[in-house]
Amino acid sequence: MKERTVELFPAALPGVCPPGSVSDAPAEEAPGGAELEDKSDMERSCVLTAELVSRCISHLGHFGNGPPLYQLSLPSQNLSDVSILRNYAHLQKLELPHNKIKVDLSCVSHMPYLVILDASHNEIFSFFGFQPPKSLKEVSFSYNRMAKMKDLSACSYLSKLELDHNSFSEITGLEQCCRLSHLRLAHNRISRISGLGSLPLTHLCLRGNQLERIEGLENLNNLQVLDLSQNRITSLSGLQNLCLLGSINLEKNLITEIQECKHIHDLLLLRDLSLLENPVQEQPDYRVSVVFLLQHLTVLDQEKITAEEKVSSVNKYDPPLDVVSARNHLTHMVYQLMQPQVLYDSSTLPSADSPYPMLVLTGPQGCGKRELAHRLCQEFSEYFAYGICHTTRGPYYGEENGIDYHFVSEEDFQNMILMGKFIQTMQYGGHSFGLTRDAIEDVAREGLACCVHMELEGVFSLKRCCFEPRYILLFPSKAEKYRDRLKSRGLYTPAQIEKAVSRLDVYAKTNIQRPGFFDNVMPCDDLEEAYQMLRLVLKEYLLLKEEEEEEKHNRASPDSTSMASANEPVAKPPSHLLGSGTLTSQSATALDPSNPSYRNYFTKIQAELSPENSPAEFASIRRRERLVREAIVGNSPGVYSQRFKSSAQKAPSSMQTHDSGSHFSEDSSSDESRASELSVPSSAGAFAGSVEPLNSSIVEPTLETLKDQLSSDQTPDQLAAATSPSSDRRPGSNVRPVLPPIPTGRKTPVVSSPKPPAGETESANMNG
Ligand SMILES: Nc1ncnc2c1ncn2[C@@H]1O[C@H](COP(=O)(O)OP(=O)(O)OP(=O)(O)O)[C@@H](O)[C@H]1O
């Protein structure tokens, strides 16, 4: 380097080395290298000489056609007087760090090409004590003794300014530095951030000051790296608008609350955050919480965030439904296993090929599934009874304990969990809901299938149980109409309504992302239409259409009259309860959620039918009456057993594996025999694997399809037909589906969704 310098800058360098620099300098002003090292000559060496300049200067090249430009680097030379540099007009880069310059840097004013000035680690008092060249881009005055900033509007090209370790207490004079992108003011005495306006700063360091709050940064829209470490900051408020921020250093501050992270939650580019040595680190679950709140982070407290940490944070604070249901199932399984063994006398016991049949109506709160469930259980009382859940919420006006829910205290509910009573539970709106095994057993004991309604979380849990219900999603496809329906109920706060509406998205996504998750999806914007669709689908499940046809046929044939009456497919509820266009205004009113009396609907109907008996009891009595009739007539067994049997007959091998003699005593009307008749093999047979699964491509149209259907002029029957299972037969089988179990892992192919018609963007968005 030394050799090169000598070569490049001979003494007579015109325009660079002025007279009196190297060749003209007196011998005593041009100390040699040995003299520089001589401590006794230190005082003299404080004045920069031309010779030293000539040795330390280097050529940088030309800028266009302009003059040659030079760099002068003089670190650690104990220089206190550099005034000679005023003669070096073509310097582009001047480095004078670690010297003893105190005052005079006026020489810089004579360097019109100067771009980079490093005067750090000196003893300079005055900030820019010279007329700064316009070309100046990068300046470092770090480690000096400056205390007051002044107007730098002349430095229009200034892009980097380093003023660390001075004594500044205020940031001023930078407003016009419209190219300033890097600013360092670490270890000063700044107690308030100000004077930054809307500078195009990308990097800002205010480490080691006396800041107590983050302010004055709101307009720094380009800020990417921010260092506010070693201050007294207590809150992250003030950062929320800095959407380009990628790195924040807040080490050694006074942040105590994890919730402060919410202020930077929306900074999607934030990757690196350090809260080291803040009190917040002592909070339990600090790291996992911050990782969860700031899911875009890749480095926290100088430590890389692993994929495992990210997953476990989500599982902890916002677990996916699969995880929630797995935990829920696990909990209830464990508590159940901890109880003394219970022997169930009815047909809910699990078996590989004979799960107990259940029907689950699911959908968001208030979508009408409860009313529909009650109504179905009325019309199809030969097949279904309502499974009554437990809840800790208080009854609404008109609700009755043991009909709508079993209303229990939170303490009782918790005790029931500990006693292993529940199959699944969920929290909704601050209350607990749960379905007990006994609720299902009560229905099964009557020889009926259980019909329940529940939220999506309940479905996820139920899918993990031994039961394999049919799941029908009732989906309000028009969000506004659904919102209005909830409002008209007068039961919910605006927040509850918004929560319910927001869950539409969860249902829609689940349906789209998990083909086959629901066995059927139906719009329920109009409850009456939904009911008609539902009953048609159920009739299809239950083969009732076929039987009605058979019945008609039998009536036409005089010989079969007695048989026909014995085989009456369904004991029909009063005609005003039936659908198919026969619904009277009374039932319509009863089903109108805005009518406060609609919750009494079911109770009233029960009173009409049988003031003393529960629905299950009522169904049981009717079924037994029929059995008696059948026994007297000596004809075929009743419809229900036929349903169960028909499948069993088609699956002789599976039936033969059961002890049909002891379990299938249909013609006995005694309670004991009824209990045995309803044990696993008898009832399960019809729901066993011999039953053909639904044609899922028809069963599960996407919501778009449904909306298209809704928007068309189709009648409910047509809609139901479109969404009802196919009646195609499996080759070699003449068995029709009777609410059959769904083989595990069965996936329904997604029906390709037509584009939503114009004007239905709201619905289409919901499906997204
Ligand atoms: N065991 C359960 N598991 C999961 N969800 C349940 C369970 N029991 C009830 N739910 C659901 O919890 C939600 C809140 O129940 P709640 O009875 O308070 O609703 P609601 O306002 O009466 O509306 P809905 O008419 O839908 O029942 C409903 O969507 C209901 O279906």
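Ligands are counted one by one from 1 in listed order, and the atoms in each one are counted from 1 as well.
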Please work out whether any backbone atom (N, CA, C, O) or any side-chain heavy atom from C-beta onward of His390 is under 4.0 Å from ligand 1, and answer side chain, backbone, both or neither. neither

What part of Met454, side chain, backbone, both or neither, has a heavy atom within less than 4.0 angstrom of ligand 1? both

Give the C-alpha distance, both sets of side-chain angles, the deciding distance and a yes or no for side chain to side chain contact (heavy atoms under 4.5 Å, CB included) between Asp322 and Phe460. CA-CA 7 Å; Asp322 291 297; Phe460 269 85; 3.5 Å; yes

So is Glu371 close enough to ligand 1, meaning a heavy atom under 4.0 angstrom away? yes

Indicate yes or no: does an N/O atom of Tyr428 lie under 3.5 Å from an N/O atom of ligand 1? no

Side chain proximity check, Arg370 to Tyr405, heavy atoms < 4.5 angstrom: yes

Any heavy atom of Arg489 sitting closer than 4.0 Å to ligand 1? yes

For the residue pair Glu379 and Leu538, establish whether any side-chain heavy-atom pair is separated by less than 4.5 Å. no

Within a distance under 4.0 Å of any heavy atom of Met426, pick out the atoms of ligand 1 and give their elements. 4 (C), 5 (N)

So is Leu435 close enough to ligand 1, meaning a heavy atom under 4.0 angstrom away? yes

So, Tyr396 versus Phe407, ring centres under 6.0 angstrom or not? no

Counting only heavy atoms not in Lys463, do more than 12 sit closer than 6.0 Å to its NZ atom? yes

Gly434: numbered ligand 1 atoms lying under 4.0 Å from its heavy atoms: 1 (N)

Near Tyr492, which atoms of ligand 1 are under 4.0 Å from a heavy atom of that residue? 20 (P), 21 (O), 23 (O)

Polar atom proximity, Glu399 to ligand 1 (N or O, under 3.5 Å): no

Option whose closest heavy atom lies nearest to atom 11 (C) of ligand 1, chosen from Gln365, Glu455, Lys369: Glu455

Sequence neighbours excluded, which residues qualify as salt bridge (charged side-chain N to carboxylate O under 4.0 Å, His left out) partners of Glu410? none

Keeping to residues at least two apart or across chains, list the ring pair (Phe, Tyr, Trp, His ring centres under 6.0 Å) pairs with something in residues 312-339. Phe292-Tyr317

Ionic contact status for Glu455 with Lys499, cut-off 4.0 Å: no

Selection from His453, Arg393, Gln496 by shortest heavy-atom distance to atom 18 (O) of ligand 1: Arg393

Are any non-hydrogen side-chain atoms of His390 and Asp412 less than 4.5 angstrom apart? no

Using a 3.5 Å cut-off on N or O atoms only, is Gly458 in polar contact with ligand 1? no

